[in-house]
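Here's the structure we're looking at; comments come further down.
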Amino acid sequence: MSPSHYAEDGYALWLRYPRLAPDSTSPGADECPRFTIILATPTGQETPTLALAQAELETALRHLYGQPPLVRLEAVDTDSLPYALRANDTKAREGFLIAPFTTSPQNNTSSSPVLRIAAASDTGILYGVFALLRQLQLSDQPFSNIAITSVPSIAHRLLNHWDNLDGFVERGYAGNSLWRWEELPDELDPRYRDYARAMASLGLNGTVLNNVNADARILTTEYLLKVAALADLFRAYGLRVYLSARFSAPIEIGELHTGDPLATEVAAWWRAKAAEIYALIPDFGGFLVKANSEGQPGPHDYGRSHAEGANMLAEALAPHGGIVIWRAFVYSPDNKTDRVKQAYNEFLPLDGNFAPNVVLQIKNGPLDFMPREPFSPLFGAMRQTPLAAELQITQEYLGQQHQVAFLAPMWKEFLTSETYTQGPGSTVAKVIDGTLNGHPLSLISGVANTGSDRNWTGHPLAQANWYAYGRLAWDHTLTSGKIAHEWAQLTFRNARSFDPETVETIEKLLLGSRETVVNYSMPLGLHHIMATAHHYGPGPWVDNLHRDDWNPTYYHRADEQGLGFDRTATGSNALSQYAPELQTLWGNPDTCPPEFLLWFHHLPWDYRLSTGHTLWDKLCLSYQQGVEEAQAMLSTWEKLAGKVDTERFTDVRQRLARQVTDAITWRDSCLLYFQTFSKRPFPAGVEPPPHSLSYYQSLRPESTPGNP
């Protein structure tokens, strides 16, 4: 991934290391002496991880400043490290200290600036190296003044790959799977190493290699040998592998007649399988399990609870230090309760019944990765169980690879949400990182948006979401603006020049993009009104699917009286699953934030909002605003011609033009459809659709990658 070997095709991600010329206005560019960097670990001995750290420093500084640094290894007494780095847990061991070395080290007569990176583990050193290199490119501090102490907010920071063994990526919009199972274990694609390096640069320490809709074959010896080859390569980067396990594997590959978690032969099979895995992969992370959801097998098939199923697997992994990540995304085909209530009803009674090495993985919202949802009420309700957040980096419901939607603002909205579990300040972030309820096991997962496309993520700007997820997983207090600025500068900074205006332009475009998608697709709390199966484009009229809760009409409830899903006490009462403070705020349409209005309320078309608009007029104007914002994004990008390399400029421009077309289609389709109920004209300022509703209902995308 050396920037001298590739054109600007996006492959280098945020690790381009363009030259900082002496006459550049970029920070630190005037410091061309040969730097000295001390890597201080408990042993002070070279290891594969420290070799990677040293190689990264040498490559990066050679490109940034024209010469490599002097790198020295040194032993450090961990008792001398800051308190935050001394605890005996994953967070502390992976933290690092970067500080100037004020006294010249022995045998070093050079007057060059000296920095010391210290950590309680080699992985912490590697993370510190990437943090230093990031800071050198972003900060206005002189090299010799950089001082950072950093510890991750969350212990287990994972990517979930929804990759199948045949190379298909479910909800993947950037080509096929990164993993070439047919070539493993004998052939290791060089891209695997570049992937691990990118993960380490973000401080991500775990990867789930296969789809949550798991194929039991991944647990056969044939495939475990392939997994072990990847694990061996990833290990030096601090990256542990996890696998999605199919609950019925004892039947499908183990020749048992049952998968009952309370059957002794089933428990014995899983114990033996765990032993086999750890013999091949000593640092195996554990199992991710999707059970009794969307047709997947699980403990309910045998009359057992989710806790009984998870604990059986946890018992098999516990002797080896592994964990079970049990997904809470469950809803029953026979349950007619409001779908957003079902996970809460299913799991809350089990709070406190899970083994210590089980973490419950919950999607950010109670439905399914919508462009906007309130946080899942489970985050405020389950206090005795470690809870992990599952975020979707891949844009299943936000325009897929065709549209730009920077997701950091959405994730920050979620992380900073007040649960009021222990009064004000009881944020979702504090639930996830374990500090609110005192859980040492903490985890966050992001559904990956990577694939075999040369630029990794399909849309060049979608790389920002991988970057943003990693940065927030490490430090959930970072702002969306800071993350956008970092990524834009690292990714689009021109070699030998620095144009702050270009970085600022890209940063602003990113920061407004998610709200733009919300405005032209599902504003005011509308949700799940996309087209069938592939989830690309509008389909508010769909009502023919065999499950009620797969139909958009189930969610928007449009009729001649009004629009929206009543989740107050007069409706499904899903609101009752939240804290009293939120029930009061969200339960009254006059105080409910506009972004959740139609999520919680079915309101008359002439309901008057605080803006003075009627519901109908505000709905129309929101869709129009989304279109205008999409058009403005295209115009903004076009002004960067000549300031951004031709390859990426052209690619993004074409996709933004497609996004404008898509935004218009969303607006026209939805407003024509809802107008059949409202019977009201479009307000001034809203462009009339050029076609009839039947025209939009007849549209079908020709190709929908990632559609299962």
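This structure is a prediction, so every number in the text was calculated from the model and none was measured. What's counted below: heavy atoms across the whole structure, side chains too, no hydrogens, waters or symmetry copies.
Using a cutoff of 4.0 Å between basic side-chain nitrogens and carboxylate oxygens, R116 and E74 are scored as salt-bridged. At a threshold of 4.0 Å, the pair E390-R327 counts as salt-bridged, since one of the basic side-chain nitrogens sits closer than that to a carboxylate oxygen. Using a 4.0 Å cut-off between a side-chain N of Lys or Arg and a carboxylate O of Asp or Glu, E222 and R217 do not qualify as a salt bridge.
Of the inter-residue distances, the one linking L348 atom CG with N345 atom CG reads 8.5 Å to the nearest 0.5 angstrom. A distance of 3.5 Å separates CG of D122 from OG1 of T47, quoted to the nearest 0.5 Å. Taking CG from L478 and CZ from R471, the interatomic distance works out to 5.0 Å, rounded to the nearest 0.5 Å.
Legend: residues meeting side chain to side chain donor-acceptor pair (under 3.5 Å) with Y467, ordered by chain and number and at least two apart, are E486. Residues satisfying the side chain to side chain donor-acceptor pair (under 3.5 Å) criterion with H476, sequence neighbours excluded, are D433. In this structure, D89 has no salt bridge (charged side-chain N to carboxylate O under 4.0 Å, His left out) partners at least two apart in sequence or on a different chain. Listed by chain and number, the residues in a side chain to side chain donor-acceptor pair (under 3.5 Å) with N292 are D301 (sequence neighbours excluded).
The main-chain N or O of A214 is never found under 3.5 Å from a side-chain atom of N211 such that the two would form a donor-acceptor pair. Here the side chain of N364 pairs no donor or acceptor atom with the backbone of L391 at under 3.5 angstrom. Between the K91 side chain and the A84 main chain, no donor and acceptor come within less than 3.5 Å of each other. No donor-acceptor pair closer than 3.5 Å links the side chain of N164 to the backbone N or O of D166. Panel note: side chain S150, backbone F96; no donor-acceptor pair is recorded below 3.5 Å. Although no hydrogens or angles enter the test, the distance criterion places no donor-acceptor pair under 3.5 Å between the side chain of R191 and the main chain of L178. Remark: the backbone N or O of K363 is not paired with any side-chain donor or acceptor of S376 at under 3.5 angstrom.
Using modelled atom types, one finds no donor on one side chain facing an acceptor on the other under 3.5 Å when comparing N353 with Q384. In summary, the side chains of Q342 and E346 do not present any donor paired with an acceptor at a separation below 3.5 Å, with no hydrogens or angles considered. Counting only N and O atoms by type, the side chains of E294 and Y331 include a donor and acceptor under 3.5 Å apart. If you check the side chains of Y223 and D215, you find no donor sitting under 3.5 Å from an acceptor. For the 3.5 Å distance criterion, the side chains of S177 and D163 qualify, holding a donor opposite an acceptor.
Of all the heavy atoms in W14 and L202, the pair that sits closest is CZ2-CD1, 3.5 Å. The shortest heavy-atom contact between L436 and Q422 is O-NE2, 3.0 Å. Minimum heavy-atom separation, N311 to A355: OD1-N, 2.7 Å. For the residue pair K273 and L224, the shortest heavy atom distance occurs at CD-CD1, 4.2 Å. Taking both residues in full, the closest heavy atoms of M199 and L159 are given as SD-CD1, 3.5 Å, listed atom of the first, atom of the second, then distance. Residues A231 and I281 approach most closely at CB-CG2, 3.6 Å, considering heavy atoms.
Partner F287 forms a ring-ring contact (aromatic ring centres under 6.0 Å, His included) with one of W270, W326, F247 and no other, that one being W270. When the options I325, T207, L209 are evaluated for a side-chain contact (heavy atoms from CB on, under 4.5 Å) with Y242, the one that passes is I325. Among N449, T457, N465, the one residue that satisfies the side-chain hydrogen bond (donor to acceptor under 3.5 Å, both in side chains) test with Q395 is N465. None of L52, L126, L15, L13 except one satisfies the side-chain contact (heavy atoms from CB on, under 4.5 Å) rule with R197; the exception is L15.
Counting heavy atoms of neighbouring residues, nucleotides and ligands inside a 6.0 Å radius, atom CG of N88 does not exceed 12 of them. Counted within 6.0 Å of CZ on R235, heavy atoms from surrounding residues, nucleotides or ligands total more than 12; the atom is thus considered enclosed. The number of heavy atoms from other shown groups lying within 6.0 Å of CD (E182) is above 12.
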Side-chain donor-acceptor pairs under 3.5 Å in residues 438-446, sequence neighbours left out?
from: H439; atom 1: NE2; to: R383; atom 2: O; distance (Å): 2.9
from: S442; atom 1: OG; to: A155; atom 2: N; distance (Å): 2.9
from: S445; atom 1: OG; to: Q361; atom 2: OE1; distance (Å): 2.8

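Counting heavy atoms from C-beta on, the side chains of W162 and Q392 come closer than 4.5 Å. Put simply, the side chain of R339 reaches to within 4.5 Å of the side chain of W550, judged on heavy atoms. Counting heavy atoms from C-beta on, the side chains of I218 and W181 come closer than 4.5 Å. At least one side-chain heavy atom of L233 sits less than 4.5 Å from a side-chain heavy atom of R193. The shortest distance between side-chain heavy atoms of T49 and I125 does not fall below 4.5 Å. Residues L415 and T427 are not in side-chain contact: their nearest non-hydrogen atoms beyond the backbone lie 4.5 Å or more apart. Two residues are said to be in side-chain contact when any heavy atoms from C-beta on lie closer than 4.5 Å; E308 and P299 fail this criterion. Contact annotation: the side chain of P366 approaches that of E373 to within less than 4.5 Å [non-hydrogen atoms, C-beta and beyond].
Annotation: Y195 is in aromatic contact with F234 [ring centroid separation under 6.0 Å]. Between W474 and Y127, a ring centre-to-centre spacing shorter than 6.0 Å is recorded.
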Check against salt bridge (charged side-chain N to carboxylate O under 4.0 Å, His left out), R246 and E252: CA-CA 9 Å; R246 187 166 171 84; E252 296 176 35; 2.7 Å; yes

Side chain to side chain contact (heavy atoms under 4.5 Å, CB included) evaluation trace for V324 with L317: CA-CA 8 Å; V324 173; L317 294 174; 3.7 Å; yes

Steps toward side chain to side chain contact (heavy atoms under 4.5 Å, CB included) verdict (L132, I37): CA-CA 10 Å; L132 170 63; I37 299 174; 3.9 Å; yes

Residues V151, L85; criterion side chain to side chain contact (heavy atoms under 4.5 Å, CB included); working and verdict: CA-CA 7 Å; V151 175; L85 305 182; 3.5 Å; yes

From CA spacing to verdict: side chain to side chain contact (heavy atoms under 4.5 Å, CB included), V289, L313: CA-CA 10 Å; V289 183; L313 293 175; 3.7 Å; yes

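Using a 30° and 60° split on the angle between ring planes, H320 and Y278 fall in the parallel class, below 30°. Relative orientation of the F347 and F354 rings is parallel, given thresholds of 30° and 60° on the angle between their planes. Ring geometry for Y397 versus H535: interplanar angle under 30°, hence parallel rather than tilted (30 to 60°).
Within the structure, no pair that satisfies the ring pair (Phe, Tyr, Trp, His ring centres under 6.0 Å) test touches residues 73-92, not counting sequence neighbours.
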